[in-house]
Structures are given as C-alpha cells and as structure tokens.
Amino acid sequence: MKVDSVLLLGMYESMLRIRQFENKAIELFAAQKVPGFVHLYIGEEAIAVGVCACLGDRDYITSTHRGHGHLIAKGGRLDLMMAELYGRASGYCHGKGGSMHIADANLGILGANGIVGAGMPIAGGAAFACRYRDTDAVAVAFFGDGASNRGTFHESLNLASTFKLPAVFVCENNLYGISNRQSHHMNVTDVSDRAGAYGIPGVTVDGNDVVAVYEAASEAVARARRGDGPTLLEYKTWRQRGHFEGDPGTYKDPAEQKAWIARDPLPRLEKQLQDFGFADAAAIRALHDKVDAEIAAAVRFAEESRLPGAGDLLSDVYAA
Amino acid sequence: MKVDSVLLLGMYESMLRIRQFENKAIELFAAQKVPGFVHLYIGEEAIAVGVCACLGDRDYITSTHRGHGHLIAKGGRLDLMMAELYGRASGYCHGKGGSMHIADANLGILGANGIVGAGMPIAGGAAFACRYRDTDAVAVAFFGDGASNRGTFHESLNLASTFKLPAVFVCENNLYGISNRQSHHMNVTDVSDRAGAYGIPGVTVDGNDVVAVYEAASEAVARARRGDGPTLLEYKTWRQRGHFEGDPGTYKDPAEQKAWIARDPLPRLEKQLQDFGFADAAAIRALHDKVDAEIAAAVRFAEESRLPGAGDLLSDVYAA
Amino acid sequence: MTQMTYMEALRDGMRVAMRSDPNVFLAGEDVGAFGGCFGQTKGLYEEFGPKRVVDTPISETAIMGLATGAAAVGLRPIVEIMFVDFMGVCMDELFNNAAKMHYMFGGKITVPLVVRAPCGAGFSAAAQHSQSLDAWFAHIPGIKVVAPATPADAKGLMLAAIRDNNPVIYLEHKGLFGLSGEVPDGDWEVPLGKAEIKRPGRDVTIITWSAMVGKALEAAERLAADGIEAEVLDLRTITPLDVDAILDSVGRTSRAVIVHEEVRTAGFGGEVAAVIADRGFNLLDAPIKRVTAPDTPVPFSPVLEAMFIPQAADITRAVKELF
Amino acid sequence: MTQMTYMEALRDGMRVAMRSDPNVFLAGEDVGAFGGCFGQTKGLYEEFGPKRVVDTPISETAIMGLATGAAAVGLRPIVEIMFVDFMGVCMDELFNNAAKMHYMFGGKITVPLVVRAPCGAGFSAAAQHSQSLDAWFAHIPGIKVVAPATPADAKGLMLAAIRDNNPVIYLEHKGLFGLSGEVPDGDWEVPLGKAEIKRPGRDVTIITWSAMVGKALEAAERLAADGIEAEVLDLRTITPLDVDAILDSVGRTSRAVIVHEEVRTAGFGGEVAAVIADRGFNLLDAPIKRVTAPDTPVPFSPVLEAMFIPQAADITRAVKELF
Ligand SMILES: Cc1ncc(C[n+]2csc(CCOP(=O)(O)OP(=O)(O)O)c2C)c(N)n1
Ligand SMILES: Cc1ncc(C[n+]2csc(CCOP(=O)(O)OP(=O)(O)O)c2C)c(N)n1
Ligand SMILES: [Mg+2]
Ligand SMILES: [Mg+2]
C-alpha cells in the first residue's frame, strides 16, 4: 500500500468534512434556510477525496451538480460554500450560483455544473492548457454513470485521447441517473469498458474504498503528468440519499440500500485507521470536533452575512 | 458465398448507376449546371449497394452529405435526383434541398443530411417505430469515420443498444474527415472497436468488396430483425475524389490513392462476374448502355423541367 | 368542467391523446414510474405501460432523434426535455432536422412531434435550470411554439400540439404547475395560433404569455384602482403569432406594453414590438414598452431572483409611463 | 493601409494577435494545413505550427469545451465552427457554460474566447449551411456578438474580439470573403459596441450589419437618384448594441428601416425596432420597417435563394413606403 498515516488521516478528515457539511445541508434544506436544488454526495466521499489527494492547487477539476464533495476535497472553503448555499453576498459566487455553481480559480476548481456531462469538455480545455504551457499539471473531470451516456463524454474522451492530453476522467458510478438504473440506461456493466473506444486505459475500482480510489487515481494522474494521455477511471459507489433533497428514492431496493450502507466509506476508513494504529478513538473524536467546529463557523459566517442587493444582480455579467 | 448471379448482377448494376450518376455530376458541376456543395461517393459504392441489398422498401435508411450512393442503392429515382441537383421544381424536393437534402418516404429514405452525424439519432427513432409497430423492419444509419467522433454517435448507439432497437450502424471509413486523417482524429484503428462501449457486436470488413459488405450486412440486418439489437459495421474504403467537388485533395498521398484505385470496387466486381461466369463482356456492356441511357434521360428530365417560383419559396414550411 | 391544476391539466391532455391514438407515445428522462422531475407524468406509466411511456438515458440528442425519426415514419411522439435549459444540447437535432425536414424534402416527410420543456424561474434553481428561451424557438421556421398560462390552455394546447402535423415546442412553466382552474372535460383542444383576451380593457394592451399572464392580471387590478383599464392579451401560442389579435387590441387601446420573463435583448418581445411598430404604428399614442428580465443569467439567491423576474409593480410602472 | 479582402483581413487580425500574444491559439476542423473550409486560415499553420493551429476531430461540443476550459485557465482561444449552422451542436456548451461562468461564479472565472463562425446564404448551400442566427447569440447574456461588413472592420473587430475578456461570437459572412478594401496596417482594433455610419443621409436611417450593409448602400444609391437621402448605419457589433448611435441617427432622419439576412420572426431586427419604438418613439414620423428573409429554411435552388435573400430592391421598396 502506498498510503501512509498522514495521507490516510488527511483523507479521513476530508471525507468527514464533506459528510458533516452535507449532514448540515440536509438540516438547513429541511429548515428552508438553503433554497434550490441540493444534490448530496453522502456515501461517495471516498472518490472525491481519494482522487483529489493526488492533485495539487495547480491541477484542475471540473465537477457536477453533486459537487460539494469535489469542492471540499480540492480545498474549497466551507464558509464561502455555506454562504453560497444560503445565497449570501459573501458566498463564493456572491449568491449568484448556489450549490450547483461554485468555482474557485485559485484552487483549480473550474466549477460545479448543473448540466450533466458538461464538465468533461471543459476539463479537456484545461488539460490542453496544461500541456500548451509545458507544465505537468493535469485536469480531472468528475461525472456520473448517467453522464457517461452523453455525447460530451464521447467527444471529450476522443479529443483527449487523440491529443494525448493530461486528463483523467472519473466516473462515479452510483448505479443511478436520478431514478434510472444503470442496467436500464446502458448495456454494459462497467463504464470503464468504454475506454476501449478511445484506445486509453479503463479501470474499475471500488469507489467506497478510499485507498483503492487513491491508488488507481495516482496511477492515472502520473500517466497524465508523464504525457502518456488520459485514463478513464470508474468507481463503483452508491448514493445514500435521494437524487436531490426531497426525493424519497422509492425506486431503490431497501435491501440493497442497506448492503451499501454497510459499505459506507467513512466507518470503513475509520476502522482501517484504528486497525493500522494510525488513530485511536480519541484522535478520531478530535477530528470530528474540529470538523464540526469548522462547519458551525461556516454556518455562522453564512447567517451573519448580508443578502446580495440590486447592484449584485447586474454585476459580473461581463468581465472588464 | 451466399450470393447468386441475380443478386450480384443487380448489385453491379446499382453500383454502376451510382458511379455513372456521379461521373455525370462531376461534369455538370464543372459546367456550373449543378450549384452548391457536391460530395461524391466514387469508390465507396460497394457499401451502399451491399447494405441496401439486404433491405426492402419497408426498411429505413438515414444518409449523409455524401448521399447519392445511399439514395440510388435504396431505389431513389435518378430523374428526380438529377432534377434536384439542378434545383428544378420537378426534383425530389422541388429544388429546395439539393444534393445534401433528398428524401423519399415511400422508399424509406429518411434523408441525406448536411449535418455530420445527424442521421444516427433519426435512424434510432425510425428503429424505435419499427419495433413499436411490431414489424420486422429495420433502420440503417450510414455515417463516416469522422462522424463517429460526434456525440450523436455515442448517444444513438447507446440508446439503440439499451432499447435493443432493430438498427444497424454503418460506418463508411474512408480514412478522412475532409482533410483530417483518421489517425489524427481518433486513437483507435478500427471504428468497430467502439461497439464494445455499448455491448453490441462490432465488425470490420473490406468496404470495397461488395460481397463481403453484403454478407456482414445480412447478418446484422437479420440480427436486428430477430430482435437481438443493433450492430456496428465498419467498412474500410477510400474516397477517390476530393471531399467535395473543388477540393483537389492535396492532403492525400498519391501512392496511396493509386493503391486504392487499384482496389476500386467496380472493376473488382466486374472481374468476379466474369470469373464466376455470371456475365460476359457483352452483358456488362449492355448494363453500361442501360445505365448511361437512364442517366441521359435523367439529365434531359432535369434540363427540361421548370425552375421553382415564388410560390415554392413559401410552401411546405409547415405541414397542413 | 373539472377543477384541476395546470400540471394535472397538461397530463390530462397527454392522457386523452394517448387514449385516442395508439401512435402517441411519451419518452424522456425519468418520465416513467418516477413520474417526471416535477411529477408531470405521474400515472401515465401505470396506465400505458413501458412501451408507450419510455425512460431514456441522459441523451438529449438521442431523445430528439428518437422523436424525429419516429415522427418521420408516422408515430406521434411526445418527448420531455427535463428543463428547457437543456435544449441547447439537442438544438441541432431540433432546428436543423426536425424543423426543416418538411421544407428541405419538398413536403415529402412530415414530423408531428411535441417537445415538452419546463421553463421559468422562481425556484432558486439558478442559471442553468430557470431560463425562458421562447425567442430561440420562435426564430426557427418550421416549428410552432406554445406557452400556456392557465390549466385550461395547458390541456387544450397539449391536445392541439400533439395532433398538429409539425414539431411543436410546449413550454410548461414550472411556476404554474400548482395553479388551479376550471378545465373542460374530455377531448377538447385550444387551436394553435390564437391569442386570448384574459381581461378586457380600453386604455392599454398588456401583451404577454405563460407565467407573466398572472403578473399582468395582478398589475391590471392595481391599475384599475388608479383608473387605468388594462387589457391583458395572452398570446398562448408564440409562433405562429396572432398578429390580428394584437393589432385589434392595440387599435382599441392605442398603447402597448409587452411583458415576458425572458431576458430583454432579442427576447420575443422585440418581435411583438416590431410588428406593432410597423403594422400598428398609426394606432399608437405612446411608445411601446417592454417589461422583461434584465440581460443577466438567472441568479440563485431568492432576493436576486425576485429582482430578476418581472413583477406586477414593474408592469404598473411601465404602464403609467405611457399616460 | 493595404488593399486586401475581407478574408485576408480577418486572417491578418488573427495573425497580429497570435504574434503579439503567445496565449492565443486557433483550433477547429481543418483549420491547419488545409487552411479552413474557405481558406480563411491559410498560412497560419505554416507560421505558428501545430501547437497553436490545431486540427480537431468533428466534435463541436469538445471544441467549445476546449475553448472554454483553456480560456478559463488563462489562454485566449479562437475556435472555428465551420458553419454557424453547426452552432446548435455546441449551443449548450456556449450558452450554459462559456457565457454564464463569469456571472454564475461571481466573477471568479473569466472566459476570453472567440468563436469564428461563417454565416450567410448565397452559395446554394441549402438549409443547413446558409443560415444567419444572429438573434440567438444576441439573446445570450454574457457573450458579445460581432458581424463585420468590410475588410477593415473584419480585421479591427477580430483583434478587439480576441483581446476582449469575454466570449465573443465573430460572424464572418461567406458572401463577403472576397470583398476588397483598404485595411489599416499593423495592430489596429475596432472597439466592440460601436456602430458606424457607412453613408450619411438625412431622410431615413437604414440600420443593418454584415452582408446587408452592401445591399443597403446599393439601395441608398438608388434612392438618392429618387431624391431620398438614406443614412446607412452599420451596427458592426450586435451585442452590446450601440443604442446611442441608433437613436442619434433616427433623431436626425425620423424614419427607420432595419435590414437583416436572418429570417424575420424573432430576428435581431425585432430588438432594434423595439428599442426605437420605446426610446425613439417621439422621434419617428413613420412606421418602422423591417426587410428580412422570409420565415423559411434557406432553399437550395439559386432562383429561390435569390428570393430568400433580401435584395436592394426590397430595401428601396420598404423605404419608399415611408414617404
Ligand atoms: C444535459 C442534462 N440532462 C438532464 C439533466 C437533469 N439531471 C440532473 S442530474 C441527472 C442525473 C445524473 O446522473 P449521473 O450522471 O449518474 O449523476 P448522479 O446524479 O448519479 O451523481 C439528471 C438527469 C441535466 N442536469 N442536464
Ligand atoms: C456537425 C458538423 N460538423 C462539421 C461539418 C462539416 N463537414 C462536412 S462533411 C465533413 C467530414 C465528414 O467526415 P466523415 O464523417 O468521415 O464523412 P466523409 O466526408 O469522409 O464521407 C465535415 C467536417 C458538418 N457538416 N456538420
Ligand atoms: Mg449516477
Ligand atoms: Mg470519412
């Protein structure tokens, strides 16, 4: 295993941060403090965290409608995110974007995205720029099983492969596009089988095992940095909540839901940390306290921030 | 070999009809009698003919910008086509479509198409209708190597495979999209490798051998008629002319052009006919005379037809 | 007559059409057992089964192609694009093929299909899930565009759209889904291309459609209190535009205010204004005003979104500028 | 000043920009050694090499994404979409991402890119290769749209577009490629958002852009012979619209005729008419006329296409209706 205690603890903390941020979002959405669509990543945290652990600030990601996890894993600030979910002027986007539209150029976050499959072409452009500038930076596109049926998937992977771009395409296969089961929206079991259409490696990995996620991503990122072109990574996972908050997810089989919750990546990693002797119960508790405090502070920041005003409505349509 | 003399002679005649129609088009374009874009199929005739020999009037095809061959092979009338190329009121589309936009609903021809890759989704819809009506009819989409990089390729093949639609996707791989060599627009050698992404069969065949074309298409069509879903057929071929009339094709290697012309499907089939004893020189000559007479009649029909008038401009925008 | 919501009414329109014609089917993302993102198709899967109510992959170009190809060979597809905002994904399929096939092919092929597309702001759904793109569709010869504002029109236009022999874009406004009203029972159509006066008045014509009809009626009430009698003309069909109804009303009122939820520049209000400024110029006593969203993406924050959406107060203000 | 064609001038604009800024690159289908479908990019591959002049697969969504992603991280892409008719393929990428990113993300990301798109009829290229879609782009907040009519503007607007920090759609009219004219040498920009009077006149303002400028000038000559002095105002930039220039001219002439090659309904002429009918109403002595293509797909046959395209005679006829 290539992971050490610092890395593993860091990944645990990041996963926890995502989980607790979203647990808070559930509450705030129910309390009608957070409006709009809220798509939660609960249960899929190992993917964003394992992948982003291979990246630096110079690397780029494009995210999805289910973006909180990607943003936090890439270093996004909880306070600015929370304020954005609240629609406050202090938020990442001054309240103009909301949950589905958050970006941070300094961290290489090229945006969550409300259009399924729209991040892949943009990641292709960022990867092109990485190479154009002779850097070793890479661009990673996150997307779902459902998104892998969009034309943008095909065009982006083909372009990246043809140009040997430093890109990594990360499919988070949670087995559903809204209510539509993977077996009803495609005729292959593994999305990674689609890599063959572009002459690039395709790998399928347990997406609920952060170490496995990290290892596969390390290899793909290294390959991209070396100039050997893109990889298609597929991580199998499960969305524990409905498609968005408000969707009871009645199309799911309760037994299957239960089985997947038993494979929840967070307790799993917690157990590994303890088994390896990387952290004891007290250390874990301390991390929880730290993260909970961060989230409480983020909520406070959001609640104390002013709402945007008429000036904000018309600003930033065009860059100067 | 599953082909008999009637079939083979019929295919030869059809290929010849396409070839001579287009040789005439070269002349008429140069003489400025035929305006607009003219994309010629010369050298690729075996594909349209071999595939359409497996189809009946109840079956559907969608064609491309390089559509003369598909239309003629599916039974399109030379006089109406020629009049359309001339832009006459008697043409298939009353002069509104031209070379790139010809359809014949009665023959199941759902149109040539000026948008690369646009025929595949439409063929999917026609295939859906074939099944919806409990018929054994099928829909065939013709498209190029370049078009196989379009998102529509991906979405259509995925939909057809998921729904097990009676569709056949026929890639005419002539190694170029305009000036762009296949090796510069994709990172796989065989377009048929893309079938794996949809869990359907993918087959690569010599597109200049009409018998091989026919045999592969027979199997794919039979499979579709049986309800076993779509197939991706790739036929390797060569466009002997420029991308459109007026393009000198300087990006081509003259030696390669020469080698491919040596594999021209028409003389090849002619030789087979003679070798098998299906036709002697006189029979072949008679076919030539017949086809030439048809084409001369088509030109006469076009030249004697009136031009469209102001009434035609505004009619048929909406169906009643 | 039955009291029902706009959503129930549009569903009723689909149901009546599907019962009366086996060639009508419905396809789209999550339209099956899930019942549609907002519940619009609830119950149709149960009644008509998986053959006629078809869940598709997330593949808008394939969906539009499915509709186009099936229609071209004689079926009557209804397809749902989950939000009108996603129409950019399949714009090519719509405008270069579905819309043009009849003309390009000299009338040889007809393409009777309906695209249902929920539109509009008001849910903090932000820039990619809140748009109105009416003018884009209106700019495509060969298609028709409807945008019902009431439950009755939602049903009647649905039936007429399904039975029209051309591609019809059916813009269902998310903000109207819950609106209740009387709806005629059974098989009942509202003809395409006919505007309707939703409130008569002699002083000014407010020309509008979709969710802005309600805002205009609200504004008209307020204006009446100030002695201005506004006529509210609901276009119902955007294209073909009912020019006669517009000129007739403006001929009586001499003043026109156009209201739409689209952003201002190159919105459909421009077309309406241009028609009046040409053919109705001599009827006018005052400038033609437009009340529209500003030229910005739709913002997320509820406070910003409320400023983005034209409100009754914006309409009364614009009307008063004309007196 | 050098005499050159419109095509040479737009190429010169690209060349100057690429020489002065290594972040500028060009990508599209067959833009490399082939030199572009009409020859627009001839010589650029030879000068700047395959790194900066990039042939792409036939993948318009990936091309638009390439531009968007590269621009978002600081490069200045120019991408060619071979015909503006294909913009429907990548409309989503343009309008939901490239155009909105700056606003949605609170100004955190800027997207300086240029999309070159040949437009217009006149070549019997039929319904899918001959369109003008100006109004569609004008309806997208966050992008700018330019449509040069002369070689000098072709160069100057190209340079300004490349250096603008927003997505700019550069509509190059196929019918103008061969037009010759004087073009300033070196690094010379035409500011975005500024219309230009191409012919002064006191009796009527003809507002137009792109290939219709030539038709309008031709019409103005003929009208002059009949004693009507038409002012021809070339918008050059469609959005942001130079409203001041329009109102200033109409203020002097009291009459407006808008001419465009787009189909009529919901074309950009509606926007221009609406602006005048609101803010310039009191300046007007006559109805506002539009001279446009009819609401049909572009027909193939040269005789039909000539009827489809607005001609000088159509313009003179419309102008004379105002007197
Ligand atoms: C182009 C487009 N089509 C449809 C939608 C509506 N939609 C939003 S999320 C979603 C499901 C996405 O499924 P998947 O890609 O598997 O991601 P997941 O939600 O499972 O994370 C759909 C259909 C959209 N936003 N964009
Ligand atoms: C969506 C779209 N993009 C680009 C074009 C311009 N174009 C016309 S034909 C062509 C090449 C097509 O290559 P291929 O699919 O291999 O077919 P071939 O011409 O070789 O038969 C291109 C790029 C188009 N018509 N439509
Ligand atoms: Mg999923
Ligand atoms: Mg090819």
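Because the structure is a prediction, the values reported are computed rather than measured. Proteins get letters first, then strands, A, B, ... in listed order; numbering begins at 1 in each.
Within residues 39-53 of chain C, the residues approaching chain B closer than 4.5 Å by heavy atoms are, in numerical order, Lys51(C), Arg52(C). For residues 107-129 of chain B, a heavy-atom distance under 4.5 Å to chain C picks out Ile109(B), Leu110(B), Gly111(B), Ala112(B), Asn113(B), Ile115(B), Ala118(B), Pro121(B), Ile122(B), Gly124(B), Gly125(B), Ala126(B), Phe128(B), Ala129(B), given by residue number.
Per-residue counts of heavy-atom pairs under 4.5 Å with chain B were compared for Asn96(C), Thr68(C), Ile109(C), Asn97(C); the largest is that of Asn97(C). Across Thr162(B), Leu159(B), Asp316(B), Ile102(B), the residue that shares the most heavy-atom pairs under 4.5 angstrom with chain C is Asp316(B). Counting heavy-atom pairs under 4.5 Å between each of Pro57(C), Ala98(C), Cys90(C), Ala67(C) and chain B puts Pro57(C) at the top.
Under the ring pair (Phe, Tyr, Trp, His ring centres under 6.0 Å) criterion, Phe169(B) pairs with no residue, sequence neighbours left out.
The part of Ile143(C) that comes within reach of chain B is its backbone (N, CA, C, O), which places non-hydrogen atoms under 4.5 angstrom from that chain. Heavy atoms closer than 4.5 Å to chain B are found in both the backbone and the side chain of Leu75(C). When heavy atoms are compared at a cutoff of 4.5 Å, Met101(C) approaches chain B solely by way of its side chain, counted from C-beta outward. For Asp92(C), the part lying under 4.5 angstrom from a heavy atom of chain B is the side chain only. Contact of Lys144(C) with chain B is made through backbone and side chain together, with heavy-atom distances under 4.5 Å. With a threshold of 4.5 angstrom between heavy atoms, Val54(C) approaches chain B through side-chain atoms but not through N, CA, C or O.
Formation of a donor-acceptor pair under 3.5 Å by the Asn166(C) side chain with backbone atoms of Ala319(B) is found in this model. With Tyr318(B) contributing its side chain and Asn165(C) its backbone, the two residues share no donor-acceptor pair below 3.5 Å.
Residues Val73(C) and Arg133(B) have side chains in contact (heavy-atom distance under 4.5 Å, counting atoms from C-beta outward).
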List the steps, then state whether side chain to side chain contact (heavy atoms under 4.5 Å, CB included) holds for Leu313(B) with Tyr103(C). CA-CA 9 Å; Leu313(B) 177 66; Tyr103(C) 186 85; 3.8 Å; yes
Could you go through residues 22-35 of chain C and list every donor-acceptor pair under 3.5 Å that involves a side-chain atom there, pairing it with any protein atom two or more places apart or in another chain?
from     : atom 1 : to        : atom 2 : distance (Å)
Asp30(C) : OD1    : Ser179(A) : N      : 2.9
Asp30(C) : OD1    : Ser179(A) : OG     : 2.5

